[in-house]
Amino acid sequence: MSAFVKLNMWRLEQKIMLFTYRMIAVACLTAPAFAQNVSATALTTENQQKIELAVWKYAIDTPLLLSTIDWFRDLTRNSRESAAIAELSRLEFMRAQLELDKNRRIRLFEHCIAIADQSLALNANDVRGLFWKAAAMGKMAEDSGIVNALRMIGPMEKMLLKVVALDEKYENAGAHRALGRIYHKLPGFPISFGSNQKALMHMKRAHELFPRDVITRAFYAELLYDIGRKEEARKHADFVLATPIADEDALEFSEYVDIALDVIRKTGGSEFKVGNY
């Protein structure tokens, strides 16, 4: 074989090797990108529907909730999709609400917050991550005493205000509703930053956006009663008590029915039928 032919063959071999190395490099670079593309599909319409069903039935079908959590945790294990991870936090929030032991419940809400933090580390403006972290902190505040509650209330306010700025309609105007509740129940200056004026602004907006939301109507009724607008309060309470409540919602909504019943009692009582109870 001539030296010329040998040289050409050597050059061809080098080109083949170089092409092979480049293909390996491309595969190494695109593998993470491909994984990210897969993770970006975690919240397909079908998957979101599965999550919504588990969330809706969480109080009457715990096995469905737990299996959904296991499935979605595996699906998002290496995800870089903040919204998907935030949905896992939402599912964990529902599980925590079912726990009867207070210490165990606090740990579960802490876990929910940790997952929400993973979402927010990927996207500090993820509405779902912000909302469910604030919601879990609120539940922890109920269980962990006044000192911890006061420590958490400021950060909660900031997160909820951010949700309002980003998407005020999220979770049936849940951030407006939660802010209204916080401002209503907190003592005012100089002890804290409670304000019936701010509470009224947020509750009114939540009601404007979702006038048939039972939770908003119950909180709104209580606020209106406390500021002396008893006739308006009574109308909202009557709405809550007249609204049919599905079995799936009975556990969660019982608290809001009790609020409405209390407003009715304080305004003189009336003949009413409480939903489907």
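Being a predicted model, the structure only gives us computed values, none of them experimental.
The distance from atom CG of L108 to atom CE of M140, rounded to the nearest 0.5 Å, is 11.0 Å. Within the model, atoms CD of E255 and CD1 of I259 stand 5.0 Å from one another, a figure rounded to the nearest 0.5 Å. Rounding to the nearest 0.5 Å places CG of L66 at 14.5 Å from CH2 of W71. The distance from atom CG of L130 to atom OH of Y170, rounded to the nearest 0.5 Å, is 10.0 Å. Summarising the geometry, atom OH belonging to Y256 is positioned 4.0 Å from atom CD1 belonging to I215; distances are rounded to the nearest 0.5 Å. To the nearest 0.5 angstrom, I182 atom CD1 is 7.0 Å from E157 atom CD.
One finds a salt bridge joining E52 and R90 here, because a Lys/Arg side-chain nitrogen approaches an Asp/Glu carboxylate oxygen to under 4.0 Å.
Contact of the L179 side chain with the K198 side chain is not registered, since no non-hydrogen atoms from C-beta on lie closer than 4.5 Å. In this structure the side chain of L98 reaches within 4.5 angstrom of the side chain of L251, judged on heavy atoms. You'll find the side chain of D262 reaches within 4.5 Å of the side chain of R265, heavy atoms only. Residues I51 and L88 fail the side-chain proximity criterion, which asks for heavy atoms closer than 4.5 Å. E232 has its side chain out of reach of K235: every pair of non-hydrogen atoms, C-beta onward, lies at least 4.5 Å apart. Residues R107 and N103 form a side-chain contact, since some pair of their non-hydrogen atoms from C-beta on lies under 4.5 Å apart. Residues H176 and R181 have side chains not in contact (no heavy-atom distance under 4.5 Å, counting atoms from C-beta outward). Two residues are said to be in side-chain contact when any heavy atoms from C-beta on lie closer than 4.5 Å; F219 and L224 fail this criterion.
Checked against a 6.0 Å centroid threshold, the rings of H207 and H236 count as neighbours.
L209 and V164 are not part of a single hydrophobic cluster, where members link through side-chain heavy atoms under 4.5 Å apart. In the hydrophobic clustering of ILVMFWY residues, with side-chain heavy atoms under 4.5 Å counting as a link, I115 and M94 come out together. Cluster membership check: L261 does not share its hydrophobic cluster with F239, using side-chain heavy-atom separations under 4.5 Å among Ile, Leu, Val, Met, Phe, Trp and Tyr. Both I106 and M156 are members of a single hydrophobic cluster when ILVMFWY side chains are connected at heavy-atom separations under 4.5 Å. By the criterion of side-chain heavy atoms lying less than 4.5 angstrom apart, applied directly or through intervening Ile, Leu, Val, Met, Phe, Trp or Tyr residues, I60 is not grouped with Y58; the two fall into different hydrophobic clusters.
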(request) Assess whether side chain to side chain contact (heavy atoms under 4.5 Å, CB included) is satisfied between L65 and R95, documenting all intermediate values. (result) CA-CA 7 Å; L65 175 66; R95 177 167 68 168; 4.1 Å; yes

(request) For side chain to side chain contact (heavy atoms under 4.5 Å, CB included), just list the numbers for Q49 and T45, CA-CA rounded to whole Å, side-chain angles, deciding distance to a tenth of an Å, and then say yes or no. (result) CA-CA 6 Å; Q49 287 172 348; T45 300; 3.7 Å; yes

(request) For D143 and K139, run salt bridge (Lys or Arg N to Asp or Glu O under 4.0 Å): C-alpha distance rounded to whole Å, both residues' side-chain angles, the deciding distance at 0.1 Å, then the answer. (result) CA-CA 7 Å; D143 284 332; K139 290 294 185 179; over 6 Å; no

(message) Determine whether H184 and N196 satisfy the following criterion, side-chain hydrogen bond (donor to acceptor under 3.5 Å, both in side chains), listing intermediate values before the conclusion.
(response) CA-CA 5 Å; H184 176 204; N196 282 339; 4.7 Å; no

(request) Could you go through the side chain to side chain contact (heavy atoms under 4.5 Å, CB included) check for I113 and M137 one step at a time? (result) CA-CA 7 Å; I113 290 170; M137 289 175 70; 3.5 Å; yes

(request) Evaluate the ring-ring contact (aromatic ring centres under 6.0 Å, His included) criterion for residues Y183 and H202: first the C-alpha distance (whole Å), next the side-chain angles of each, then the deciding distance (0.1 Å), finally the verdict. (result) CA-CA 9 Å; Y183 292 134; H202 285 287; 5.7 Å; yes

(request) Would you sort out whether K185 and E222 count as a salt bridge (Lys or Arg N to Asp or Glu O under 4.0 Å), showing the intermediate values? (result) CA-CA 10 Å; K185 290 300 182 179; E222 189 175 47; 3.5 Å; yes

(request) Check the pair F210, T216 against side chain to side chain contact (heavy atoms under 4.5 Å, CB included), reporting the backbone distance first and the verdict last. (result) CA-CA 8 Å; F210 295 93; T216 295; 5.8 Å; no

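At distances below 3.5 Å, not a single donor-acceptor pair connects side-chain atoms of R177 with backbone N or O atoms of Y220. Within the 3.5 Å criterion, the main-chain N or O of P211 finds a donor-acceptor partner in the side chain of R217. Side-chain N or O atoms of S67 include one that pairs as donor or acceptor with a backbone N or O of L64 at under 3.5 Å. Not one N or O on the side chain of S192 forms a donor-acceptor pair closer than 3.5 Å with the backbone of G188.
Heavy atoms only, all atoms of each residue included: Y225 and A233 are closest at N-CB, 3.5 Å. The two residues F72 and A84 come nearest to each other via the heavy atoms CE2-O, 3.1 Å. Smallest separation of non-hydrogen atoms from R234 and G268: NH1-N, 4.4 Å. Pairing each heavy atom of S89 with each of C112, the nearest pair is OG-O, 2.9 Å. A178 and L160 get closest at one heavy-atom pair: CB-CD1, 3.7 Å. Nearest heavy-atom pair, A42 versus N47, reported as atom, atom and distance to 0.1 Å: O-ND2, 2.9 Å.
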What side-chain donor-acceptor pairs closer than 3.5 Å can you find for residues 119-128, not counting sequence neighbours?
residue : atom : partner : partner atom : Å
S119    : OG   : S82     : O            : 2.8
N123    : OD1  : N125    : N            : 2.9
N125    : OD1  : K162    : NZ           : 3.1
D126    : OD1  : R128    : N            : 3.0
D126    : OD1  : G129    : N            : 2.9
D126    : OD2  : S82     : OG           : 2.7
D126    : OD2  : A83     : N            : 3.1
R128    : NH1  : Q48     : OE1          : 3.2
R128    : NH1  : E87     : OE2          : 3.1

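The number of heavy atoms from other shown groups lying within 6.0 Å of NZ (K169) does not exceed 12. Residue K266 qualifies as enclosed at atom NZ: its count of foreign heavy atoms under 6.0 Å is above 12. Heavy-atom contacts from other residues, nucleotides or ligands closer than 6.0 Å to CZ of R73 number more than 12.
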